[in-house]
Amino acid sequence: MGKIKVTQVKSAIKRTQNQKRTLEALGLRKLNQVVEHENTPNILGMVDKVKHLVSVEETK
């Protein structure tokens, strides 16, 4: 399995509680913060829920 880098590019202000909790579960707390995760279906599902707030790039 590869890894992905997830960067928060938009604020979570005025977003639903579910989206805020998803960002927190991904480990994102601040704007422009970058976290690295394994490329698993669970992580990809969470990223899909907040795809309008984050950017994703694949790493090796």
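Remember, predicted model here, so these are calculated numbers, not experimental data.
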Checklist entry - Residues sharing Val6's hydrophobic cluster, by side-chain heavy-atom contacts under 4.5 Å among ILVMFWY, directly or via others? => result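 Grouped by the 4.5 Å side-chain rule, Ile4, Leu23, Leu26, Leu28, Val35, Ile43, Leu44, Met46, Val47, Val50, Leu53, Val54, Val56 form the rest of the cluster around Val6.
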Checklist entry - More than 12 foreign heavy atoms under 6.0 Å from CD of Glu58: is that the case here? => result no
Checklist entry - Among pairs that include at least one residue of residues 3-30, which meet side-chain hydrogen bond (donor to acceptor under 3.5 Å, both in side chains), considering only residues two or more places apart or in two chains? => result Lys3-Glu38
